[in-house]
Number of protein chains: 2
Amino acid sequence: MSRKEQIVDVARQLLEADGPGGVTMRAIADRLEIRAPSLYKHIADKHELEVALIARGFAEQAEAFTAAISNTTEPVAAIAHSYRSWALANPHLYALMTSNPLPRNDLPAGLEIAAAAPLVEAVHGNTDRARALWAFAHGMVSLELAKRFPPDADLDTAWATGLRSLAS
Amino acid sequence: MSRKEQIVDVARQLLEADGPGGVTMRAIADRLEIRAPSLYKHIADKHELEVALIARGFAEQAEAFTAAISNTTEPVAAIAHSYRSWALANPHLYALMTSNPLPRNDLPAGLEIAAAAPLVEAVHGNTDRARALWAFAHGMVSLELAKRFPPDADLDTAWATGLRSLAS
DNA sequence: GTCTATATTGTGATAGAC
DNA sequence: GTCTATCACAATATAGAC
């Protein structure tokens with residue numbers, strides 16, 4: 001594993017462990033047992049690190065959603081479940097991927113489309129329905145991650161209610 | 001207007017003008033033409049400032065949504081339109097209100113419920129449907145604010161598609 | 001209620017030696 | 001490719017004088 005890959009690995013561990021504020025050049029260097037300035041021999045700046053993390057997230061999502069639609073009679077529900085699971089398992093990376101404009105020019109081509117493809121296929125190419133479903137899923141997930149629902153809210157039922165209406 | 005009210009006012013102006021990073025004690029003090037340490041004679045700390053901003057946001061939303069359901073035959077659509085308008089007009093305050101757990105213990109009682117009441121009434125008390133609608137609206141709005149939809153996406157149609165399914 | 005002075009902590013990033 | 005030394009900057013907050 002190259003030094004650069006190690007750096008991205010450590011950055012991701014720090015991101016999920018300590019949140020975005022925990023991803024500092026010093027913290028990354030500490031875990032690699034080198035000094036912070038040495039990192040700049042391998043990456044140009046912190047932005048490059050963020051782009052690499054986002055790219056990994058999309059690749060993982062594409063894989064998860066593709067797996068979800070194999071062997072199911074309800075692809076939309078299966079993708080929704082997979083979407084929620086991935087976000088809850090990778091909350092800070094999920095936030096990084098959804099809270100700011102995508103650095104589309106710096107990202108490997110096709111990543112965004114590959115992650116979206118399973119859903120678009122599940123709704124037979126109806127992009128408006130795909131966007132409505134994505135918005136619903138993103139809203140549910142981001143409010144859950146932000147702990148913004150009332151503490152006693154039954155989220156499973158809210159998911160089922162929304163999906164039943166939107167999936168058709 | 002008390003000094004404290006002036007401080008909250010200025011904080012809100014800075015929040016929407018420069019984003020959350022622009023709301024510093026120094027910047028607030030500069031606009032009031034005093035020194036930053038003087039602010040602490042009027043507020044305990046920055047957290048108190050954030051709570052005051054969030055409280056204002058909820059009060060404004062409650063007013064906007066209540067106005068939206070008067071004189072309409074489609075209350076859910078009217079609230080959705082109002083929700084989107086308010087968020088687009090106050091993007092950074094909206095983010096402050098939705099990206100973190102509510103400081104419910106520090107907020108005036110009833111504010112959250114008052115803002116949610118028009119929607120709950122519009123769906124005849126069906127809380128699962130209300131949550132699904134809220135999630136959809138929040139997802140649409142937050143992705144729009146984050147510029148996460150593809151540049152050519154037709155958001156009006158996505159809104160209409162989602163609301164048609166969810167409003168029933 | 002305002003001021004000056006300061007503590008404390010933290011950040012990304014560069015220069016230049018080895 | 002790693003190091004030491006350092007720059008440049010910014011943040012919240014407190015002490016104590018007036």
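Computation of the quantities below employed the complete heavy-atom set of this structure, encompassing side-chain atoms and omitting hydrogens, waters and symmetry-equivalent molecules.
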Test log, rule side chain to side chain contact (heavy atoms under 4.5 Å, CB included), inputs A:Leu133 and A:Arg129:
CA-CA 6 Å; A:Leu133 277 161; A:Arg129 185 155 298 276; 4.1 Å; yes
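- Across the protein-nucleic acid pair, B:Arg26 atom CZ and C:dA5 atom P stand 14 Å apart, rounded to whole Å.
- A:Glu144 places no side-chain N or O within donor-acceptor distance of the main-chain N or O of A:Phe149, the cut-off being under 3.5 Å.
- Following rounding to the nearest Å, B:Leu32 (CG) and C:dG1 (P) show an atom-to-atom distance of 13 Å.
- The shortest distance between side-chain heavy atoms of A:Met97 and A:Glu112 does not fall below 4.5 Å.
- Per the geometry, CD1 belonging to A:Ile28 stands 17 Å off C1' belonging to D:dT2, to the nearest Å.
- The aromatic rings of B:Phe65 and B:Tyr83 sit parallel to each other, their planes meeting at less than 30°, with 60° as the upper class boundary.
- DNA chain C lies under 4.0 Å from no heavy atom of any residue of residues 5-13 of chain A.
- Of the residues in residues 35-48 of chain A, those with a non-hydrogen atom less than 4.0 angstrom from any atom of DNA chain C are A:Pro37, A:Tyr40, A:Asp45, A:Lys46.
- As a whole-Å value, the separation of B:Lys4 NZ from C:dG1 C1' is 16 Å.
- Pairs passing the salt bridge (charged side-chain N to carboxylate O under 4.0 Å, His left out) check and including a residue from residues 22-41 of chain B, sequence neighbours excluded, do not occur.
- No side-chain donor-acceptor contact under 3.5 Å links B:Ser99 to the backbone of B:Leu96.
- Between the P atom of C:dG1 and the CD atom of B:Glu33 lies a distance of 18 Å, rounded to the nearest Å.
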Start with the C-alpha gap between A:Asn100 and B:Lys147, add the side-chain angles, then the distance that decides, and say whether side chain to side chain contact (heavy atoms under 4.5 Å, CB included) holds.
CA-CA 7 Å; A:Asn100 296 106; B:Lys147 301 189 204 300; over 6 Å; no
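- Across the protein-nucleic acid pair, B:Met25 atom CE and C:dC3 atom P stand 14 Å apart, rounded to whole Å.
- Comment: B:Glu5 does not engage B:Arg56 in a salt bridge, judged by the lack of any side-chain N to carboxylate O separation of less than 4.0 angstrom.
- Atom CD1 in B:Ile34 sits roughly 6 Å away from atom P in C:dC3 (whole-Å rounding).
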